[in-house]
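Order of the sequence lines sets the chain letters (A, B, ...), proteins ahead of strands, with each chain counted from 1.
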Amino acid sequence: MPELPEVETVRRGLEKLVIGKEVKSVTVLWDNIVQAPGGVADFVHRMPGQSLLSVERIGKFLIFNWTDVAWIAHLRMEGKYLYVPTTESVDAYSHVILHLTDGYDLRYRDVRKFGRIHMVDKNQLEQAINALNLGPEPKDLTTVYLKGKLEKRKRPIKGVLLDQSVIAGIGNIYADEVLYAAKVHPEQAANTLTDPEIQAIVDASQAIIGHAVEVGGTTIRSYTNAFGENGHYQQYLQAYGRTGKPCARCGTPIEKISVSQRGSHFCPNCQKVHG
DNA sequence: AAACCCGCCTGAGTGC
DNA sequence: TGCACTCAGGCGGGTT
């Protein structure tokens, strides 16, 4: 599941390989992935002739700045972008194909079909981004801000960390890693965290997301010809996916439970619910 | 406003 | 073996 570090890695890959390229024609093989003012027909009609000027990232969203339009795109669970020769065969999971004038394709590949590419007029971009209602990214997070957000929430802290309107960019993997580093139980009610715990979460989210960006994100499964697959953070994971393995701090086996409808890994000794 | 539910999808995992 | 069934999982939209 691509989170901020993985999406940033994808962004850098796109920047390196696709900036300046012009779209010749477009094929959409699964309509629900594409959103445009006039639907898929509008998308297919307007993309030819567009050149990619820049790619930005906000939280887990990619912003593609084309000549006259912009995309707000999300990879959701398994979305990938491929940059491959047009002659390469199209597999069953590539749903949006942009044929470029350089003889290559930019293909959006997504096994689950959960991802989205939302095309907007450039003058609508700012408004569309605001409508995403995203909170600050970890690097801009402050203890005062987070404390204010937690005070009025009674749900488990894990669920709040996954709420993109509170913090943008954290998903299930890094939420578990942050809580492990901060020694906070995922089910601890948000409004019962102590000030030192809130500070620890802020510090841990900045350190962990920053480190993960540096090493290209986390690669859980390997794919070929995809952007953002060269991550190395998996070797640093302390909690996520380590069910039954000893905690690096105390040796207690890591447990997995369901919190806010998400699989959650934690050390039952280091991370205890308190009153 | 906060929090929950559903739908979107399909491969992996489970049970028999 | 092979088949039927269940479920994860981020987000948007709707409801309580």
S.K.: Strictly below 4.0 Å: does A/K113 bring a side-chain N or O up to OP1 or OP2 of B/dT10?
M.R.: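 Checking B/dT10 against A/K113, a side-chain N or O does come within under 4.0 Å of OP1 or OP2.
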S.K.: Could you tell me whether A/D110 contacts a base, only the sugar-phosphate backbone, or nothing, with contacts defined as non-hydrogen atoms closer than 4.0 Å?
M.R.: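 No contact at all - A/D110 keeps every heavy atom at 4.0 Å or more from the nucleic acid.
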S.K.: Could you give the CZ-to-P distance, from A/R153 to B/dA2, as a whole number of Å?
M.R.: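 To the nearest whole Å, that distance equals 5 Å.
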S.K.: Establish whether A/F61 and A/V213 are linked, either directly or via other cluster members, by ILVMFWY side-chain heavy-atom contacts under 4.5 Å.
M.R.: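 No, no single cluster joins them.
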S.K.: Does any N or O in the side chain of A/R153 come within less than 3.5 Å of the main-chain N or O of A/E151, such that one atom is a donor and the other an acceptor?
M.R.: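 Answer holds: no.
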S.K.: To the nearest 10 degrees, what angle separates the axes at the start and end of the helix from B/dA2-C/dT16 to B/dC16-C/dG2, five pairs each?
M.R.: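 Terminal axis comparison yields 50°.
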S.K.: Check this one for me: any side-chain N or O of A/W30 less than 4.0 Å away from OP1 or OP2 of B/dC9?
M.R.: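 A/W30 to B/dC9 OP1/OP2: side-chain N or O found under 4.0 Å.
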S.K.: Looking at A/G263, is its backbone amide N or carbonyl O close enough to the side chain of A/K158 to form a donor-acceptor pair, meaning the two atoms are under 3.5 Å apart?
M.R.: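 Looks like yes, one N/O pair under 3.5 Å.
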S.K.: To the nearest Å, give me how far apart CD1 (A/I129) and P (C/dG12) are.
M.R.: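 The distance from CD1 of A/I129 to P of C/dG12 comes to 13 Å, rounded to the nearest Å.
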S.K.: Please report the closest heavy-atom contact between A/V26 and A/P48, naming both atoms and the distance.
M.R.: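 Scanning both residues, the minimum pair turns out to be CG2-CD, 4.3 Å.
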S.K.: Sort and list the pairs that fulfil ring pair (Phe, Tyr, Trp, His ring centres under 6.0 Å) and have at least one residue in residues 177-209 of chain A, not counting sequence neighbours.
M.R.: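 Only A/H185-A/F266 qualify under ring pair (Phe, Tyr, Trp, His ring centres under 6.0 Å).
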S.K.: Answer yes or no: is there a side-chain heavy-atom contact under 4.5 Å between A/N65 and A/K122?
M.R.: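 A side-chain contact exists here, since the closest heavy-atom pair is under 4.5 Å.
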S.K.: Check whether any side-chain N or O of A/Y93 sits under 4.0 Å from OP1 or OP2 of B/dG11, and answer yes or no.
M.R.: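 Yes, within the criterion.
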S.K.: Salt bridge or not between A/E15 and A/R12? Use side-chain N to carboxylate O under 4.0 Å.
M.R.: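 Result for this pair is no, no salt bridge flagged.
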S.K.: Would you mind building the protein contact string for nucleotides 4-11 of chain C? One character per nucleotide, 5' to 3', B for base within reach (heavy atoms under 4.0 Å), S for sugar-phosphate only, - for untouched.
M.R.: -----BBB
S.K.: Do the side chain of A/Q271 and the main chain of A/P186 share a donor and acceptor less than 3.5 angstrom apart?
M.R.: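 A pair under 3.5 Å: no.
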